[in-house]
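Worksheet for the structure shown next.
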Amino acid sequence: GIVGILLTTTGYAQDKAAEKAKEPTGQDIALNNTKGNCLACHLLPGDPKAVTSANIAPPLIAMKARFPDKNKLRDQIWDATKINPMSAMPPFGKHQILTEQEIDKVTDYVYGL
């Protein structure tokens, strides 16, 4: 009856909410060594989850000052070889290492550093 429908609907809504809760953030993706793996090359000072002394690439600090145009930062993450053909940074978008949505999330996270 109606109670069963309500319980089923409520359970479905809770399942969907749990799925959303598990969706990785830009920080999760950036720190994940099978996804962004920013820590392999970049220093992320001040981030308690990202203690590293990596110095292969520039530290990810003052990103709004370094990239006043957020789209240029996104382009850098998408494919750094467009600007610097010798870049060691993986072309995360071009090589489909990250999805469009993941690149947007990582861009938002890094831009806030």
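FYI, side chains are in, hydrogens and waters are out, and symmetry mates aren't considered; it's all heavy atoms of this structure.
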Quiz prompt | Donor + acceptor pair across side chains of D104, T107 (<3.5 Å) | solution =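 Absent: no donor and acceptor within the cut-off.
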Looking at every non-hydrogen atom in both residues, tell me the closest pair between [X] and [Y] and how far apart they are.
X	Y	result
I97	P91	CD1-O, 4.2 Å
R66	P59	NH1-O, 2.6 Å
Y111	F67	CE1-O, 3.0 Å
A65	P68	O-CD, 3.6 Å
H42	L60	ND1-CD2, 3.5 Å

Quiz item: Do NZ/NE/NH1/NH2 and the carboxylate oxygens of K105 and E100 come within less than 4.0 Å?
Solution: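 No, this pair does not count.
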Given side chains that start at C-beta, do those of [X] and [Y] come closer than 4.5 Å, heavy atoms only?
X	Y	value
L113	I61	no
W78	I103	yes
T81	M89	no
K35	D28	no

Practice problem: Go through the steps for Q27 and V106 under the test side-chain contact (heavy atoms from CB on, under 4.5 Å), then give the verdict. | Solution: CA-CA 7 Å; Q27 181 185 37; V106 170; over 6 Å; no
Roughly how far, to the nearest 0.5 Å, is the [atom2] atom of [Y] from the [atom1] atom of [X]?
X	Y	atom1	atom2	answer
K94	K82	NZ	NZ	8.5 Å
C38	N32	SG	CG	10.0 Å
D75	I83	CG	CD1	6.5 Å

Practice problem: Give a yes or no on whether the backbone of L73 and the side-chain of Q76 come within a donor-acceptor separation of less than 3.5 Å. | Solution: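 Between the backbone of L73 and the side chain of Q76 there is no qualifying donor-acceptor contact (under 3.5 Å).
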Quiz item: Among I29, L98, D79, whose side chain to side chain contact (heavy atoms under 4.5 Å, CB included) with F92 holds?
Solution: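 So the option named by the test is L98.
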Exercise. With sequence neighbours left out, write down each residue that passes side chain to side chain contact (heavy atoms under 4.5 Å, CB included) with D69, or none if nothing qualifies.
Key: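 D69: side chain to side chain contact (heavy atoms under 4.5 Å, CB included) contacts with N71, K72.
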